[in-house]
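Quantities reported herein were computed from a predicted structural model and do not represent experimental measurements.
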Amino acid sequence: MAQLPSGGRATAAGVACLLACTVLTACGSDDEPERKAGGTTSSGGGDEGSAVRAAFDKTAEADTARMTLRTETSAAGQSATAAGKGVIDLSDGESTMTLTAGGQKIEQRVVDQVIYQKVPERQRAQVPGKKPWVKIDLKKAAAQQNGQGGNQISDPAESAAFAKGITDKDTRKLGMEKIGGVNTTHYRVTVDVDKLSTGEKLKRQVGPTLPMDLWLDDKGRIRRQQVDMTIKAPTGQSDSGQSDSGQSDSGQSDSGDAPRKAKVRTRIEFSDFGTEVDAEAPPAGQTADLTDKATGPTGKTS
């Protein structure tokens with residue numbers, strides 16, 4: 001989450017919801033639908049692996065969809081939940097959403113790889129110029145992170161690259177389920193993080209593999225995608241993203257404490273493929289740019 005001057009936060013959901021909103025990238029919540037009687041689990045094979053890898057492209061070919069999400073994060077004995085709903089362009093990640101977190105509703109737009117969020121009135125005094133909108137330029141943020149190893153923010157169009165890390169061996173068909181009234185096939189896969197474009201950085205935070213569940217409809221499109229992650233705080237940072245001078249290069253504190261970790265569960269569901277998406281950037285004069293603050297050494301994402 002981007003931190004504003006004097007400790008105020010840009011939004012209740014912040015950049016964490018951007019991670020949750022990443023196109024075709026999602027994780028689960030606790031309530032699971034019942035499987036149909038007779039559902040079976042099969043070991044991975046060529047057909048299953050091919051179907052899952054093709055699902056990212058087939059979903060993007062639908063152009064647009066309605067989307068709902070739910071993200072649950074727990075760390076250091078505390079937990080937080082964020083939810084959202086809206087519409088998304090599946091090919092380039094442009095979207096409009098309403099996010100709910102911390103008892104607040106936040107309007108969010110993603111346009112041309114820039115995320116915009118409308119700041120609640122009670123927090124606008126903390127925004128430079130008291131602007132009603134803040135933005136983070138994801139392309140600029142990625143360039144800054146590559147140069148200085150700062151906080152990781154996901155590109156909305158990047159997640160289809162997960163297909164590169166899915167192998168036939170690590171794909172299982174779990175059975176048939178209904179998602180939003182639609183018949184789907186449930187698959188469980190393991191993503192090889194090393195095969196992703198950001199694999200080296202991601203591996204330091206989540207480990208060598210990433211478990212993922214996918215529910216595909218009869219056209220091979222993703223109706224639900226779910227991932228559980230245990231994220232280790234980057235070396236030299238605490239869970240809050242602030243510098244921790246007592247931490248060694250191994251990610252452990254000098255006192256021998258285990259690396260700080262956060263568990264994240266997020267789920268995204270897609271429906272109404274082909275729905276209209278009209279995402280427009282707010283007026284420039286009403287928007288404060290927080291890109292540097294979100295990606296700098298003391299900027300926060302959560």
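Listed by chain and number, the residues in a side chain to side chain donor-acceptor pair (under 3.5 Å) with D63 amount to none (sequence neighbours excluded). Every salt bridge (charged side-chain N to carboxylate O under 4.0 Å, His left out) that R66 has, sequence neighbours left out, goes to D272.
Note that CG of D278 and CZ of R109 are 9.0 Å apart. Values are rounded to the nearest 0.5 Å. Going from atom CD of Q225 over to atom OG1 of T59 covers 8.5 Å, rounded to the nearest 0.5 Å. Separating the CD atom in Q108 from the CH2 atom in W133 is a distance of 9.5 Å, to the nearest 0.5 Å. Of the inter-residue distances, the one linking L69 atom CG with F270 atom CZ reads 9.5 Å to the nearest 0.5 angstrom. Taking CG of L210 as the reference point, atom CE of M212 lies at 5.5 Å (rounded to 0.5 Å). In this structure, the separation between NZ on K140 and CG on D289 is 5.5 Å, given to the nearest 0.5 Å.
When each of R265, K263, R188 is checked for a salt bridge (charged side-chain N to carboxylate O under 4.0 Å, His left out) with D228, only R265 meets the rule. Remark: of the listed residues E177, R223, K173, R172, E177 is the sole one forming a side chain to side chain donor-acceptor pair (under 3.5 Å) with H186.
Hydrophobic clustering, with ILVMFWY side chains joined whenever heavy atoms are under 4.5 angstrom apart, keeps M97 apart from V114. Tracing side-chain contacts under 4.5 Å through hydrophobic residues (I, L, V, M, F, W, Y), one never reaches F273 starting from V277; they form parts of separate clusters. Note: the hydrophobic cluster containing Y116 does not contain I88 (ILVMFWY, side chain heavy atoms under 4.5 Å, direct or indirect links).
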Donor-acceptor list for residues 77-86 side chains, cut-off 3.5 Å, not counting sequence neighbours:
none

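Contact record, P128 with L290: CD-CD2, 4.2 Å, taken as the closest heavy-atom pair. The nearest pair of heavy atoms linking K131 to T287 is NZ-O, 3.7 Å. In plain terms, the two heavy atoms of V87 and E276 that are nearest each other are CG2-O, 3.9 Å. The shortest heavy-atom contact between R221 and A62 is CD-CB, 4.3 Å. For the residue pair I231 and V206, the shortest heavy atom distance occurs at CG1-CG1, 4.1 Å. Residues K219 and K58 approach most closely at O-CD, 3.5 Å, considering heavy atoms.
With contacts defined as side-chain heavy-atom distances shorter than 4.5 Å, the pair V134/V127 qualifies. The side-chain heavy atoms of L216 and T184, taken from C-beta on, include no pair separated by under 4.5 Å.
Here the side chain of R124 pairs a donor or acceptor atom with the backbone of V119 at under 3.5 angstrom. Without hydrogens or angle criteria, E94 side chain to D112 main chain gives a donor-acceptor distance under 3.5 Å. Using modelled atom types, one side-chain atom of T64 and one backbone atom of T275 make a donor-acceptor pair closer than 3.5 Å. Between the side chain of T209 and the backbone N or O of T190, no donor-acceptor pair lies under 3.5 Å.
Between D213 and R224, no side-chain nitrogen of the basic residue sits less than 4.0 Å from a carboxylate oxygen of the acidic one, so the salt-bridge criterion is not met.
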